[in-house]
Number of protein chains: 2
Amino acid sequence: MGMFWRDGYKATSVGDIVRETGLNTASMYKEFVDKDGLFLETLKHYRGHVIKPRYEMLRDNPNIAGVEAFIGSVMTGAARSEYKGCLMMNHLSQKHVIGPDAVQEIGAFCSELESLIETALINAQRDGDIGPDKDPAVLASFVVFCVHGAVLYGRHYEKKRMIPNLYDVVMGALRG
Amino acid sequence: MGMFWRDGYKATSVGDIVRETGLNTASMYKEFVDKDGLFLETLKHYRGHVIKPRYEMLRDNPNIAGVEAFIGSVMTGAARSEYKGCLMMNHLSQKHVIGPDAVQEIGAFCSELESLIETALINAQRDGDIGPDKDPAVLASFVVFCVHGAVLYGRHYEKKRMIPNLYDVVMGALRG
DNA sequence: CAAATTATAAAACAAAAATTTTAAAACATC
DNA sequence: GATGTTTTAAAATTTTTGTTTTATAATTTG
């Protein structure tokens, strides 16, 4: 997973993977059929084990606090020097290259995030934390859009010092 | 350029390139040394011929109108169904894979954009189009951050109908 | 514990990719 | 127009990659 995450599907060879994991080549092929299958399972593992815990803050606090915490954690991650982006979103620029199942998994992943945020924003609006004139669906899109931004922007080693300020701008845009 | 743009460096083979361009393999290697060299020249060509014209609106109108027009054109592009993102930014998630010269070129490209935007925003502030409490440098970063967002977000075939609304949110965040 | 199944290491294969070579064709120069 | 240089087409070479096979070792099952 780490190699797909850091280098992307195409630049990670099966040889690299078996060397790194110590997995047996034949067993690997028996289990996952081919490189595509392995990649797909990697995406599922990522979603279940890496991302799911990070969604907890949104599920536990489906309101402005949850959204704030989530965006904060994304931005903090993006500001780290070893930041690798998001395994899923990293591959959006390579949709032709990965299989259709993987493309679909990535889409579902982003939609899930968007709907979690939307729920939280609807509650935030009810709580008076975002203005009544705002459309929670649009703002949820905007948040996901910004997560995409962070995933790419965080790859610039320089520019990182600006990220805390970006967090403020994004939150300001939400609150309105 | 189109192939690198659509599929990325690693998924575009030299064989594909000579087939598509009709270029002779030996001539190509004589001219560009290797695939890395060809890619680097492709990036420079992209910057000079694809991007430079799109920066005109910022150079001609270094003010809120220029910024608005630029962001508008990015968002409109991202909403197209055949959207390929940005040749440069697409490769941010593959910095290990492309050569160091290419990485540097991408960084310079993004910095140039950021400074053009900053100049325009400084003027916009002078014109009273953005509040005196805002920091143009931060907002310029935010714009570049949003361009990164658009580059990835525009890869979702669904979700495109939301992009006009995102444009409004981004401009709203600028104006404050 | 013997028989059947499964896992593993290692080598083998096949296809694709990047790059180089070779020899003929085109071009430029004197 | 002969001579030297550059370009081109085609095949050859070298790596790398994805995948399969084979033979041996380990594990499970009856």
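Chain identifiers are assigned alphabetically (A, B, ...) following the order of the sequence lines, protein sequences preceding nucleic acid strands; residue numbering begins at 1 within each chain. Note that these values count all heavy atoms, side chains included, but never hydrogens, waters or copies made by symmetry.
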Distance-only donor-acceptor hits, side chain of residues 100-113 of chain A, under 3.5 Å, sequence neighbours excluded:
| from | atom 1 | to | atom 2 | distance (Å) |
| --- | --- | --- | --- | --- |
| A:Glu105 | OE2 | A:Arg47 | NH1 | 3.1 |
| A:Ser111 | OG | A:Gly107 | O | 3.1 |
| A:Ser111 | OG | B:Lys159 | NZ | 3.2 |
| A:Glu112 | OE1 | A:Arg47 | NE | 3.3 |
| A:Glu112 | OE1 | A:Arg47 | NH2 | 3.1 |
| A:Glu112 | OE2 | A:Arg59 | NH2 | 3.0 |

Legend entry - Interface residues of residues 21-33 of chain B with DNA chain C (non-hydrogen, below 4.0 angstrom): B:Thr25, B:Ala26, B:Tyr29
Legend entry - Interatomic distance where OH belongs to A:Tyr9 and P belongs to D:dT17 [whole Å]: 13 Å
Inset, instruction - Nearest whole angstrom, please: distance from the C1' of C:dA17 to the CZ of B:Phe4. - result: 13 Å
Legend entry - Cluster check A:Val74, A:Tyr167: I/L/V/M/F/W/Y, side chain < 4.5 angstrom: yes
Legend entry - Residues B:Glu82, B:Arg6: salt bridge by 4.0 Å N-O rule: no
Inset, instruction - Return the value, rounded to whole Å, for the distance between atom CG of B:Asp7 and atom P of C:dA17. - result: 12 Å
Inset, instruction - Mind checking the CD1-CG spacing from B:Ile51 to B:Leu87? Nearest 0.5 Å is all I need. - result: 8.5 Å
Taking distance alone, no hydrogens or angles, what donor-acceptor pairs closer than 3.5 Å link side-chain atoms of residues 135-156 of chain A to residues at least two apart or in another chain?
| from | atom 1 | to | atom 2 | distance (Å) |
| --- | --- | --- | --- | --- |
| A:Asp135 | OD1 | A:Ala137 | N | 2.9 |
| A:Ser141 | OG | A:Glu114 | OE2 | 2.9 |
| A:Ser141 | OG | B:Tyr153 | OH | 3.3 |
| A:His148 | ND1 | A:Val144 | O | 2.7 |
| A:His148 | NE2 | B:His156 | NE2 | 2.9 |
| A:Tyr153 | OH | B:Ser141 | OG | 3.3 |
| A:Arg155 | NH2 | A:Lys84 | O | 2.3 |
| A:His156 | NE2 | B:His148 | NE2 | 2.9 |

Inset, instruction - Using the test side-chain contact (heavy atoms from CB on, under 4.5 Å), find all partners of B:Asp60 that sit at least two apart in sequence or belong to another chain. - result: B:Glu56
Legend entry - d(NZ, B:Lys10; C1', D:dT15) in whole Å: 11 Å
Inset, instruction - Would you check, one step at a time, whether the test side-chain contact (heavy atoms from CB on, under 4.5 Å) holds for B:Asp127 with B:Ile64? - result: CA-CA 9 Å; B:Asp127 299 342; B:Ile64 194 69; 5.9 Å; no
Report, one line per pair, each donor and acceptor closer than 3.5 Å where one atom sits in a side chain of residues 12-19 of chain A; sequence neighbours left out.
| from | atom 1 | to | atom 2 | distance (Å) |
| --- | --- | --- | --- | --- |
| A:Thr12 | OG1 | A:Met3 | O | 3.1 |
| A:Thr12 | OG1 | A:Gly8 | O | 2.8 |
| A:Ser13 | OG | A:Gly15 | N | 3.4 |
| A:Ser13 | OG | A:Asp16 | N | 3.0 |
| A:Ser13 | OG | A:Asp16 | OD1 | 3.4 |
| A:Ser13 | OG | A:Asp16 | OD2 | 3.2 |
| A:Asp16 | OD1 | A:Arg19 | NH1 | 3.3 |
| A:Asp16 | OD2 | A:Ser13 | N | 3.4 |

Inset, instruction - Grab the CZ-P distance between A:Arg19 and D:dT16 for me, whole Å please. - result: 10 Å
Legend entry - Separation of C:dA17 P from B:Ile17 CD1 (nearest whole Å): 11 Å
Legend entry - Separation of atom CG in B:Asp16 from atom P in C:dT19, rounded to whole Å: 14 Å
Legend entry - Angle by which the axis turns from one end of the helix from C:dC1-D:dG30 to C:dA16-D:dT15 to the other, five pairs per end, to 10 degrees: 10°
Legend entry - Separation of C:dA17 P from B:Met3 CE (nearest whole Å): 10 Å
Legend entry - Geometric cation-pi criterion, A:Lys95 with B:Tyr157: 6.0 Å, 45°: yes
